[in-house]
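Written below as structure tokens is the structure these notes are about.
In what follows, chains carry the letters A, B, and so on, assigned in the order in which the sequence lines appear, proteins first and then strands, with residues in each chain numbered from 1.
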Number of protein chains: 2
Amino acid sequence: MATSLPIPRDSQSKLVHILRYSAQVFSEHGFEGASMRDISRATGVSLSGLYYYFESKQKLLYLIQKNTFTYILDRLYARLERVRDPQARLRLLVQNHLEYFLSHPHEMKVLSHEEEALDEPFRREVAAIKRRYYTLAREIFDGLAAEASPPALNPRIAVLSLFGMMNWVYKWYNPEVDPGAEELTHSIVGIFLHGVLPSATEHPEFQLAAVPAAESEET
Amino acid sequence: MATSLPIPRDSQSKLVHILRYSAQVFSEHGFEGASMRDISRATGVSLSGLYYYFESKQKLLYLIQKNTFTYILDRLYARLERVRDPQARLRLLVQNHLEYFLSHPHEMKVLSHEEEALDEPFRREVAAIKRRYYTLAREIFDGLAAEASPPALNPRIAVLSLFGMMNWVYKWYNPEVDPGAEELTHSIVGIFLHGVLPSATEHPEFQLAAVPAAESEET
DNA sequence: ACAGTTCTCGAACGAACGTTCGAGATGCCA
DNA sequence: TGGCATCTCGAACGTTCGTTCGAGAACTGT
């Protein structure tokens, strides 16, 4: 199926156009399973024409991953700046992640599913961004654990389990059945903080602190 | 690198041998990224010789997935038979999953990562087994929720989040750093049932049948 | 030793792959 | 209008892919 949107004229936004549709093709067929001819068809750019913008298929995957990751991470940094409460910060981490996920499912799947398809030296570069993301999440968690007497829980496992819950979403999320980003955030944060069992007291609400919905135009 | 183990003589166990090493190749290069020549090299069986045992690359992937899934599911059914306590049943689900995971990382990765590489009609068949697995997990969870007054939590999201925590393990697990199946099970079950925040009472132990009356004063 | 089944593999098939190249179109400033 | 840089693409390249085929080796029961 060919592109429904018209192909942008100027070079800059045509590049973005190609990145966008390539992410969709990669997410549907996998990086190895998708051919440059598939991408040519999906973008409306000729096979050889693609190579005017990207020097290789690897570089194309690299740019998708780097752009996506950088955007998510920068946005999270910005949103965290005004928030100090540990639980609110954790909630922001999850919300930021899931909002991007649900609004850019193809890019997010490429990020989650095709990391190993990248060869050196690109692999190393994306891994560095990912490490920054993990480190930030770990700091948020440590702030949370410092708030109260921490349970004897391996923080590495805790943080990676949280990422597991979030990143697995692309395998099952169905917009016709499942709730939006806000409620999904609420559920996952709730499980992570309090578990699925009732606390024998009343039902906890996690809407702490003054977290503005942070409805903002991006930079 | 050629096979280190000798290739079995009889047909039946040679088939198993090929399945085993193919799973490793698929897990390292991905299904699309792995070639039949890679598998030939890894198993020590000639390229054309492979087709005496499997009619296609697709069928090979199918057999790996079906065998692995069926084994895990059957084993779980057997282990659950003697256990009625809801929390113990949940713990058994996680333990069974993670034990297989840590002892057969290649097969588990193929199961988690290559489900979409399978075409029809194989895809449908594996999906049916997966649905049985999910249904069983859902029943275990419902039993848990029925035990005490359930919190207003979407059970679908809860179960799929649990699978997220478990299935994401293959992305980060490092045997030199991370704990074994038992402790990992303990941690993940702990997060799922009680969350990472302390209950303001003493440190909870999850081994019990009845719900400990955790008086909690959350933040 | 023979016949028949089971198993093995080198060689080759057409198709699809990522990438290249040079000729031609298009846009922009003189 | 002319000259130059930017952009486009059909055609082809060498390689690798999954799969097939037929000849022969190895095993089995007699």
Side-chain angles (χ1 to χ4, degrees), chain A residues 2-3 5-19 21-23 25-26 28-65 110 114 116-123, chain B residues 2-3 5-19 21-23 25-26 28-65 110 114 116-123:
Chain A
T3 308
L5 292 180
I7 307 176
R9 285 248 151 267
D10 71 298
S11 187
Q12 170 66 19
S13 55
K14 187 160 184 176
L15 188 146
V16 172
H17 167 90
I18 295 176
L19 283 179
Y21 282 88
S22 299
V25 174
F26 285 155
E28 282 167 359
H29 300 89
F31 176 74
E32 303 279 1
S35 72
M36 292 300 281
R37 285 160 181 86
D38 291 333
I39 293 171
S40 167
R41 207 175 307 117
T43 57
V45 179
S46 74
L47 179 58
S48 49
L50 291 171
Y51 284 86
Y52 180 77
Y53 293 93
F54 310 102
E55 57 202 57
S56 69
K57 193 186 177 192
Q58 278 279 329
K59 182 93 178 217
L60 181 49
L61 176 61
Y62 164 71
L63 285 174
I64 293 172
Q65 295 205 354
V110 171
E114 304 297 344
E116 290 188 289
L118 215 49
D119 290 338
E120 301 296 355
F122 301 130
R123 196 173 184 149
Chain B
T3 307
L5 291 179
I7 307 176
R9 285 252 150 264
D10 71 297
S11 188
Q12 170 66 19
S13 56
K14 187 161 184 176
L15 188 147
V16 172
H17 168 90
I18 295 175
L19 282 179
Y21 282 87
S22 298
V25 174
F26 284 155
E28 283 167 359
H29 300 89
F31 177 75
E32 304 279 2
S35 71
M36 292 300 281
R37 286 160 181 86
D38 291 332
I39 294 172
S40 167
R41 208 175 306 117
T43 56
V45 179
S46 75
L47 179 58
S48 49
L50 292 170
Y51 284 86
Y52 180 77
Y53 294 92
F54 310 101
E55 57 201 58
S56 69
K57 194 187 176 191
Q58 278 279 328
K59 182 94 178 216
L60 182 49
L61 176 61
Y62 163 73
L63 285 174
I64 293 172
Q65 295 205 354
V110 171
E114 304 296 345
E116 291 188 289
L118 216 49
D119 291 337
E120 300 295 355
F122 301 131
R123 195 173 185 147

* Calculate the interatomic distance between A/Tyr51 atom OH and D/dT8 atom P; express it in whole Å. => 16 Å
* Asked: Can you tell me how far P of C/dC17 sits from CE of A/Met36, to the nearest Å?
  -> 12 Å
* To do: Measure the distance from CG on B/Leu61 to C1' on D/dG18 and round it to the nearest whole Å.
  => 15 Å
* Asked: When the distance from CG of B/Asp38 to C1' of D/dT19 is rounded to whole Å, what number comes out?
  -> 16 Å
* With side chains defined as the heavy atoms from C-beta onward, is the minimum distance between B/Phe54 and B/Leu15 less than 4.5 Å? -> yes
* Give a yes/no on whether any side-chain N or O of A/Ser35 is located under 4.0 angstrom from OP1 or OP2 of C/dC17. => yes
* Compare all side-chain heavy atoms of A/Lys14 with those of A/Val45 and state whether any distance is below 4.5 angstrom. => yes
* To do: Please report, rounded to the nearest Å, how far the P atom of C/dT6 is from the OH atom of B/Tyr53.
  => 12 Å
* To do: Please report, rounded to the nearest Å, how far the C1' atom of C/dT20 is from the CD atom of A/Glu55.
  => 14 Å
* Do B/Lys59 and B/Phe122 meet the cation-pi criteria used here (NZ or CZ under 6.0 Å from the six-membered ring centre, within 45° of the axis)? -> no
* What distance do A/Met36 atom CE and A/Leu50 atom CG have between them, rounded to the nearest 0.5 Å? -> 5.0 Å
* **Nucleotide D/dT19, atom P - distance to CD1 of B/Ile39 in whole Å** => 10 Å
* Atom CG of B/Leu50 to atom P of D/dT20: distance rounded to whole Å? -> 13 Å
* N/O (side chain, A/Tyr52) to phosphate O (OP1/OP2, D/dT8) under 4.0 Å -> no
* Indicate whether OP1 or OP2 belonging to D/dT8 is found under 4.0 Å from a side-chain N or O atom of A/Lys14. => yes
* Does a nitrogen or oxygen in the side chain of B/Ser48 sit under 4.0 Å from OP1 or OP2 of C/dT8? -> no
* Want to settle it: does A/Arg37 or A/Gly49 sit nearer the 5' end of DNA chain C, counting the closest nucleotide to each? -> A/Arg37
